[in-house]
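Here is the structure we will look at, set down as structure tokens.
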Amino acid sequence: MKKRIYVGILIVSIFCTVIIALLFMKKEANVISVNTTFDKASYIDGEDILYSIEVINHLSQTVYYKTESAFAAIITGDNGFSAHILPSGNEWVYECEAGQAIAQDMSICNTYDYLMAMHIPQLDQAYLPEIGLNKKEGLQLPDGKYEIQSKFTYYLDKECKTTPQIALGLDTLVVTKDKTNSLEDACTLEDSMIFSVYSDKDSYQPGENIRTYAKIAWIEDKDWYSWYKEGEWLPLYFFAVNEETRECIESTIVNGVLPESYEKDIYYNPISYDFTLPNGKYLFQYILTYFDLQGREQRQVLEMKVQIGDGITDSSKTKARTVISIPEEQLIVTPAPLIESYDEVISSGGTLVDSQVGTASGLMFGVWHIIQKNGIEYYFLEQTEENLPSIIHQDAFNFSIVSDEYELACGIKVGMTTDEVLNMYPDMFIEKISPSYDMTFFNFGTYPNEYLVSNYDEIIIIDKDNGIADDFPEYLGLFVKDNKIVAITFYYPTAG
């Protein structure tokens, strides 16, 4: 009797187990499964991470999705990293039939701002979006353990007008640290603020994203003073200079905006997500302009030495793009030009030769006033903002020498032909003035762009060498029109 009871209990248990399993299988089958696949099990910091989001439709019906908004990857790390990656595509409607598997390659959808992803406060959140764009193949992450939540958004109707449905998947990823060290340099300005620069590594591989940034921190309990021009952006200049060739390979002007309160730190991120450099040894230079306690404009330079690859420069790729250096004593202007403010120039007979709408440093919008006086051409900006009165900057953003009454110590002056200059210095670098402003060694940011394009054909570029190997580079430009030197200017180079 007991045996029959045991057998009965066993049969009931098996039956219940089968029923539960069938119910579970049915429940599992009635889903959209999502997961992330990688080309490797683990990665080293700096490696390209190739990955895809795979979706399997276990439903009994077709679902519909849009490429541009269907797939997403939310990446979070134990190091504080967090980024939301979206593909870029179209709004066409696609279908995924019952039982069908689809995949989205996410390797080209990895745009994010590094500082924002590391939760470092930004000056202007709208300027540095965290949403990914279709820009670079291969995600690169700092060392850490990551969770990647993959998301697939779909609809049950072909018109995609019903409530969107979301299917989620969760995967993990490990990125190990390489053998590099981080870099940091800092200095105190006016005993009031600390200017710091950082690089995550002292050595990067060719093609690896370079992670570097700068910060200004106000010292606690120090009285704040006006160290910048009221109402203006806070410029920071960045240069990546090849130490062997002295060529400025990459550069940019970063403009900060004051935070809501003076006590907050100010961060500058000059390096976009896809900033890379070729093999070589580089000097990263950060230049901050500010006013001291006496109201005088000052410039502070901080530097870091960074190696790319094996550190050996491929001269065959750089020789044709190298600007020659001439000692600064040979570039002294005689007589020394007297540079005046806007009011001084206007009140003493300056002549307005042109005006045009444009921008300065890529951010300040307004009207350029090109004014000449005593053989000097000034570039003043009247800054205009919506619903605000216009402001004319008293200091010229730059100027050019346009008269042969001035002469460089080496003998170059306005009116010479390009052949005469090339006879003196045969290896001069000449670049055509680009209507698209796409120039490697010329900084359009401090000039009225359209005016230069309309009035000049080429520019001969010279590196002003002050004898200090690691100093901030300054260039001299000889503007050319119809094979003649028509203007001479000095500027700090930036790419593009």
| Can you say whether the rings of Phe380 and Tyr342 are parallel (under 30°), tilted (30 to 60°) or perpendicular (over 60°)? | perpendicular
In terms of the angle between their ring planes, are Tyr491 and Tyr447 parallel, tilted or perpendicular, with boundaries placed at 30° and 60°?
perpendicular
Only one of Tyr213, Tyr282, Phe284 passes ring-ring contact (aromatic ring centres under 6.0 Å, His included) with Phe238, and that residue is Phe284
Verify whether the ring centers belonging to Phe397 and Trp368 lie closer than 6.0 Å. yes
| request: Indicate the ring-plane relationship of Tyr146 and Phe81, choosing parallel, tilted or perpendicular according to the 30° and 60° boundaries. | output: perpendicular
Next item on the list: State, without any angle test, whether Ser325 and Asp465 hold a side-chain donor-acceptor pair at a distance under 3.5 Å.
Entry: no
Lys373 and Thr351: side chain donor to acceptor below 3.5 Å
no
Open item on the list: Under a 3.5 Å threshold, yes or no: a donor from one side chain and an acceptor from the other, between Asp343 and Ser341?
Closed with: no
### Query
Have Gln356 and Glu450 got a donor and an acceptor in their side chains that come within less than 3.5 Å?
no
Pairing donors with acceptors under 3.5 angstrom, does anything connect the side chains of Glu405 and Ser403? yes
Residues Lys177 and Asp45 bridged, charged N to O under 4.0 Å: no
(request) May I ask you to check if Lys464 and Tyr475 form a cation-pi contact, with NZ or CZ under 6.0 angstrom from the six-membered ring centre and within 45° of the axis? (result) no
query: Between Tyr204 and Ser199, is any side-chain donor less than 3.5 angstrom from a side-chain acceptor?
result: yes
